[in-house]
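Per chain, numbering begins at 1; letters A, B, ... match sequence-line order.
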Number of protein chains: 4
Amino acid sequence: MSREEKAKQTYTLLLEAAAEVVGRDGYAEASIAKITQLAGVAQGTFYNYFDSRQDILDKLLPYMGRGMLDHIAVSLPRDLVGPAREEARLEAFFAYLDQHPGFYRILYEAEVFAPKAHAEHFRVLVEGYRNALNRAVVRGEIEGFDADELETVIYMLLAARSYIAMRYARDENGHAGPVPGHVIKAYMKVLTKGLFA
Amino acid sequence: MSREEKAKQTYTLLLEAAAEVVGRDGYAEASIAKITQLAGVAQGTFYNYFDSRQDILDKLLPYMGRGMLDHIAVSLPRDLVGPAREEARLEAFFAYLDQHPGFYRILYEAEVFAPKAHAEHFRVLVEGYRNALNRAVVRGEIEGFDADELETVIYMLLAARSYIAMRYARDENGHAGPVPGHVIKAYMKVLTKGLFA
Amino acid sequence: MSREEKAKQTYTLLLEAAAEVVGRDGYAEASIAKITQLAGVAQGTFYNYFDSRQDILDKLLPYMGRGMLDHIAVSLPRDLVGPAREEARLEAFFAYLDQHPGFYRILYEAEVFAPKAHAEHFRVLVEGYRNALNRAVVRGEIEGFDADELETVIYMLLAARSYIAMRYARDENGHAGPVPGHVIKAYMKVLTKGLFA
Amino acid sequence: MSREEKAKQTYTLLLEAAAEVVGRDGYAEASIAKITQLAGVAQGTFYNYFDSRQDILDKLLPYMGRGMLDHIAVSLPRDLVGPAREEARLEAFFAYLDQHPGFYRILYEAEVFAPKAHAEHFRVLVEGYRNALNRAVVRGEIEGFDADELETVIYMLLAARSYIAMRYARDENGHAGPVPGHVIKAYMKVLTKGLFA
DNA sequence: GATGAATGAGTGTTCATTCAT
DNA sequence: GATGAATGAACACTCATTCAT
């Protein structure tokens, strides 16, 4: 392995270690000592790759977030449209959560501990969703919402994801797990016919 | 003032000070030194009223949450029903937020820093909502959702509140402010007719 | 001992400890750990009395400098005038140095490690000297130097003190000691008749 | 360029870089990282030329000091004698300082950070001065000082140089500059007729 | 019950030095 | 000989908690 490759590897090693520590203990408890010990390098090595503790915390969500978006993009069948497409999107999100149990804390604590990264993550997320919904509008699946209103809807969808994950995708120990079917069903009912009949 | 009254007063003083500090600086930055200084008592005094720093953090959300629920209950016209009742609930929530700018941080950071209190707060919130929605079911305003599904809907409603507050109820400095009308409109459209036509 | 007295005592204890450590090891090697250990208090206690490491370093020279000036003032016979007064001043300085072996390092490293304190110390020193020389001018002991030139002379006198101390008042281990008589004699010869006959 | 020449060049490159860094930031802030970066070599390369950080710091003053002495020797007109020769020496020193703004810090911080080099530098300086003054004695320009006393005078002259440089040869930002004429005049008056008339 | 000085474990960060490539 | 990543000891500083007054 060349020097450059090894450096890249150490960088990733540290990032993965940080992801595990933050996912397990939260940002507040993620000390450099824990991260470097888990990565199997000396504390000083950390500072060859990151400027500060905050620096790696800021890079954590972009790193994981990219993975999540890729997963969802890949999981979504190309030809699926309408409400079914939205349902698939939600299930892909929960599937990713199931495979990456730490992602929930990394994502939702970021508002507090890595606000810039959190804001950027949301910007990207909202932008992607905006394009998806606009295509649905063009296809005639969505009617009667102007652009501003659609943005609010996007926040409602992201919000629902997050709270459903908080309530249903974790057992009493905070570990990840699958989401019951009736949850998805309720979500889809609201999106297709509203709450008030 | 009797000894007991004075003690009660100091207790409340500390709680209010903690609320202000946490609302302004967040849980992580809320040191005993800051809280006691704002309350105008010595650091040692703190430990006559609370077991530990975590103790007061755990009591903060119940204390504030009660205030919020009272505000909403009082604000809701008794005879309002149907979607209009839900709309009034949402606006009462934002009105409370506008008057208590620190509440957003206290509430949403609690998941990280006072998880027990956060869980209990949600239990109470969900319970209240469940009763409200069940009454709507009895009135025939909501149809086709079983009990489990209704719980999911409740989480979606709470989620929407929270994310809308995060996105629309704070200016770029994190200060509170009113929510634009089109946001409420979008929220109500989803609840009354869904997203997909 | 009252609380206040004890606090004052701890403050002085820390200052004395710092003086000893800096005098022995220099500013650069004066760690909080060394200072607090010598003072017999916990590391955290230090920060109840000083804002930072730099803070105590900045206070060291004023604290010691005051002692030195007092010593010289007290040592100088009131009625001594002319060159003999200057000779007595020099010897009083060396006597102080002999009793406070750490003072040399504290004073001369201050230019690097506590520049503000060093500048202020010199300001006070120069001011005092200016008054002394002006009185000698009035007495007719000094002639032919204008105010600007007198200031330069003061710097030459302070310089001589310092370099003589560096060369003659310390043994090979840096410990203090008395200054040989011929040194004083040479100093006085230059001041009374110059170098070039 | 031969291997040996290239090695010599790298050695000098490092020394010059160290001189610039120490002159600008002081010994305490002169890290290997800064020095090697300025020299344009890797950190590891440093240790092919110097044993340690202290090693290069110890070699800095001898390297610069030689330059200063050469400058003074070259500047001094051969046939100048008496007080005028001493005056020329002082002005040559300040001229060197003006051209090498970093030299002041390198020289005067050396007592703290490179004590061996500082002592050796003084030894050389004093030796040179001793020869100069002895020649003046032989020429009959100086009278009434024995050998020991002359050494003290030398220290007084070096001291005056240094303090005058500290006070008059630097602006408020620590940058170098010329010395006012009245300073030289006062210096010469003391040397030719003493302070006390 | 109120006080506030004392405590000490814990943290992020720096940097001279080493050594495999 | 040149490289630069890895090392780990050292340091200043914070803060929840205790306890004698």
Side-chain angles (χ1 to χ4, degrees), chain A residues 1-4 6-11 28-36 39-56, chain B residues 3-4 6-7 10 28-37 40-57, chain C residues 1-4 6-11 28-36 39-56, chain D residues 3-4 6-7 10 28-37 40-57:
Chain A
M1 192 159 31
S2 83
R3 251 191 208 186
E4 204 175 336
K6 219 178 148 204
K8 184 70 193 161
Q9 192 201 32
T10 305
Y11 179 86
E29 299 288 313
S31 66
I32 305 296
K34 275 186 194 171
I35 294 170
T36 51
V41 302
Q43 287 215 41
T45 301
F46 177 88
Y47 290 90
N48 290 335
Y49 293 93
F50 299 94
D51 288 341
S52 64
R53 177 177 180 269
Q54 190 58 49
D55 185 29
I56 198 175
Chain B
R3 189 166 298 185
E4 204 175 334
K6 216 177 146 208
T10 304
E29 298 286 311
S31 65
I32 304 296
K34 274 187 194 171
I35 293 169
T36 51
Q37 196 183 12
V41 302
Q43 267 185 246
T45 303
F46 177 89
Y47 289 89
N48 293 331
Y49 294 92
F50 299 94
D51 289 342
S52 67
R53 178 177 179 268
Q54 191 57 52
D55 185 29
I56 197 174
L57 298 188
Chain C
M1 192 158 30
S2 81
R3 253 191 206 184
E4 205 175 335
K6 220 178 147 202
K8 183 70 193 161
Q9 192 202 32
T10 305
Y11 179 84
E29 298 289 312
S31 67
I32 305 297
K34 275 187 194 171
I35 293 170
T36 50
V41 302
Q43 289 215 39
T45 302
F46 177 88
Y47 290 91
N48 291 335
Y49 293 93
F50 299 94
D51 288 342
S52 65
R53 178 177 179 269
Q54 190 58 49
D55 185 29
I56 198 174
Chain D
R3 190 167 295 185
E4 203 175 335
K6 215 175 148 209
T10 304
E29 299 288 311
S31 65
I32 304 297
K34 275 187 194 171
I35 293 170
T36 51
Q37 196 182 12
V41 302
Q43 266 185 246
T45 303
F46 177 89
Y47 289 89
N48 293 331
Y49 294 92
F50 298 94
D51 289 342
S52 66
R53 178 177 180 269
Q54 191 59 49
D55 185 29
I56 197 173
L57 298 188

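If you take CZ of F46(B) and P of dC15(F), they are 15 Å apart, rounded to a whole angstrom. If you take CD1 of I56(D) and C1' of dA16(E), they are 13 Å apart, rounded to a whole angstrom. The CG atom of L57(D) sits 9 Å away from the P atom of dA16(E) (whole-angstrom rounding). Rounded to whole angstrom, the span from the NZ atom of K8(A) across to the P atom of dA5(F) amounts to 14 Å. Summarising the geometry, the separation between CZ on R53(C) and P on dA10(F) is reported as 16 Å, rounded to the nearest angstrom. The CZ atom of F50(C) sits 14 Å away from the P atom of dA5(E) (whole-angstrom rounding). Atoms CD1 (I35(D)) and C1' (dT17(E)) sit 14 Å apart, rounded to a whole Å. Rounded to whole Å, atom C1' of dA5(E) lies 13 Å from atom CD of Q9(C).
Residue T45(A) places no side-chain N or O under 4.0 Å from the OP1 or OP2 atom of dA5(F). One finds a side-chain N or O of T10(C) lying less than 4.0 angstrom from the OP1 or OP2 phosphate oxygen of dA6(E).
If you check every strand for non-hydrogen atoms under 4.0 Å, S31(A) touches sugar and phosphate atoms only.
In the set dG1(F), dA16(E), dT3(E), the nucleotide with an atom closest to the side chain of N48(B) is dT3(E). The listed nucleotides are dT17(E), dA12(F), dT7(E); the one nearest the side chain of S52(D) is dT17(E). The listed nucleotides are dA2(E), dT13(E), dT7(E); the one nearest the side chain of Y49(B) is dA2(E).
The side-chain hydrogen bond (donor to acceptor under 3.5 Å, both in side chains) contacts involving residues 40-56 of chain C comprise Q54(C)-D58(C), D55(C)-K59(C), where partners must be two or more places apart or lie in separate chains.
Under the rule for a side-chain contact (heavy atoms from CB on, under 4.5 Å), the partners of E29(D) that lie at least two apart in sequence or sit in another chain are D25(D), K34(D).
Both Q54(C) and G40(A) lie close to DNA chain F; mapped to their nearest nucleotides by heavy-atom distance, the more 5′-ward contact belongs to G40(A). The residue among A42(C) and K34(A) whose nearest nucleotide of DNA chain E is located toward the 5' end is A42(C).
Paired regions of DNA chain E, where each region holds three or more successive Watson-Crick or G-U pairs whose two hydrogen-bonding distances fall under 3.5 Å, are E:2-21 with F:2-21.
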Taking N or O atoms only and anything under 3.5 Å, show me the protein contacts with nucleotides 18-21 of chain F, one pair per line.
| unit_1 | atom_1 | unit_2 | atom_2 | d |
| --- | --- | --- | --- | --- |
| dT21(F) | O2 | R3(C) | NH2 | 3.3 |

